[in-house]
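All remarks here apply to the structure that follows.
Because the structure is predicted, anything quoted here is derived from the model rather than measured. Whatever order the structure lists ligands and atoms in, that order sets their numbers, starting from 1.
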Amino acid sequence: LEANFSVIRNEDGPVNGLITVLHDVTEQEKIENERREFVANVSHELRTPLTTLKSYMEALEDGAMQDEKLGPRFLKVTQNETERMIRLVNDLLQLSKMDSDDLRLNAETVDLGEVMHQIADRFEMVNKDKNIHFDRQFPSYPIYVDMDRDKMIQVFDNIISNAVKYSPDGGTITLQMVPKSRDVDIEIIDEGLGIPKESQNKIFDRFYRVDKARARNLGGTGLGLAIAKELVHSHGGYIDVQSVWKKGTTIAVTLPYSAYKKAGGGE
Ligand code: ADP
């Protein structure tokens with residue numbers, strides 16, 4: 001809040017008035033600062049893979065291409081970096097859609113347990129090398145939820161891919177589903193690296209990472225949880241984290257059974 005004070009007095013006379021003008025500059029300034037920070041972040045996030053690409057391509061041109069071992073390895077790096085950039089741009093496009101309120105939910109009634117089983121099967125298959133096991137603690141009966149199937153799959157993909165990334169080889173990830181009266185609690189519990197206390201309220205912010213270098217090496221864009229949070233909110237639900245450093249992390253999603261009734265309302 002900005003305040004301007006003007007003293008009103010008759011010429012050389014006593015003070016006989018005081019005008020205070022209060023401007024709410026904070027909100028405007030905050031938005032402007034966030035916008036600036038966002039543009040700086042995006043530029044930085046794009047420059048990093050581009051710089052890597054440039055140096056690897058130069059090395060290939062300077063002879064690495066003829067090297068039987070280095071050639072394919074360097075090409076793989078350029079491929080990975082390009083893919084990460086594509087993911088980043090896709091994530092950005094999605095966030096910008098959400099920002100402009102362009103987000104439409106195609107709600108349908110789905111059996112959440114079935115969806116979660118499919119996601120767990122897929123992750124188990126893709127991460128065979130890492131030998132991750134999914135412990136599925138679901139009720140034996142179906143849990144029907146009105147939700148946008150693709151968007152909620154993306155939410156769980158983003159959360160579970162983190163759980164896999166930060167889990168040790170052979171680790172267990174527990175998927176727990178607890179139906180309540182109005183909503184259903186879904187917890188994704190890993191026994192991985194954990195998140196330090198001071199970082200826990202920041203992991204849903206755009207581009208925030210606990211360990212920037214490590215997260216980038218693992219292929220992250222820093223936008224996964226920010227997108228998950230927005231999508232869960234657009235369903236009228238909420239998302240939370242509990243974590244102990246070096247012990248593991250639990251991400252809890254609470255989703256109302258009738259998501260579409262609240263859709264469009266945002267948070
Ligand atoms: P990223 O693309 O870097 O994974 P996210 O938005 O998905 O971005 O996550 C933000 C950060 O939160 C990650 O970089 C990581 O530091 C931390 N994080 C998220 N999930 C976990 C987890 N299950 N275990 C440990 N750290 C996590």
Does [X] have a non-hydrogen atom less than 4.0 Å from ligand 1?
{"X": "G194", "result": "yes"}
{"X": "K165", "result": "yes"}
{"X": "T221", "result": "yes"}
{"X": "N158", "result": "no"}

Considering both backbone and side-chain atoms of [X], is one of its nitrogen or oxygen atoms within less than 3.5 Å of a nitrogen or oxygen in ligand 1?
{"X": "V210", "value": "yes"}
{"X": "L225", "value": "yes"}
{"X": "G222", "value": "yes"}
{"X": "D211", "value": "no"}

Select the closest option to [atom] among [options], judged by heavy-atom distance.
{"atom": "atom 11 (C) of ligand 1", "options": "W245, F204, Y208", "value": "Y208"}
{"atom": "atom 17 (C) of ligand 1", "options": "I203, T250, D205, I160", "value": "I203"}
{"atom": "atom 4 (O) of ligand 1", "options": "N162, L223, I189, I173", "value": "N162"}

If you measure from the Lys or Arg side-chain nitrogens to the Asp or Glu carboxylate oxygens, is any gap between [X] and [Y] under 4.0 Å?
{"X": "R87", "Y": "E83", "answer": "no"}
{"X": "D99", "Y": "R206", "answer": "yes"}
{"X": "R209", "Y": "E45", "answer": "yes"}
{"X": "D157", "Y": "R122", "answer": "yes"}

Should the pair R182 and Y257 be classed as cation-pi, given the thresholds of under 6.0 Å to the six-membered ring centre and 45° from the axis?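 No, cation not above the ring by the 6.0 Å, 45° rule.
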Relative to the ring of F38, is the ring of F207 parallel (under 30°), tilted (30 to 60°) or perpendicular (over 60°)?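 Tilted, since the angle between the ring planes falls between 30° and 60°.
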Enumerate the atoms of ligand 1 whose separation from the nearest heavy atom of A215 is less than 4.0 angstrom.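 Result: 3 (O), 14 (O).
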Identify the closest protein heavy atom to [atom]: which residue and atom is it, and at what distance?
{"atom": "atom 18 (N) of ligand 1", "answer": "I195 CD1, 3.9 Å"}
{"atom": "atom 13 (C) of ligand 1", "answer": "Y166 OH, 3.7 Å"}
{"atom": "atom 14 (O) of ligand 1", "answer": "R209 CG, 3.2 Å"}
{"atom": "atom 23 (N) of ligand 1", "answer": "D190 OD2, 2.8 Å"}

If you compare all heavy atoms of P256 against all heavy atoms of D183, which two are closest, and at what distance to 0.1 Å?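 The answer is CA-CB, 3.5 Å.
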Taking the side chain from D148 and the backbone from N106, do they hold a donor-acceptor pair closer than 3.5 Å?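 Side chain of D148 to backbone of N106: a pair is present.
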F138 ring center within less than 6.0 Å of H117 ring center: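 Centroid separation for H117 and F138: below 6.0 Å.
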For a quick check under 3.5 Å, do D135 and T172 share a side-chain donor-acceptor pair by atom type?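 Side-chain D/A pair, D135 to T172: absent.
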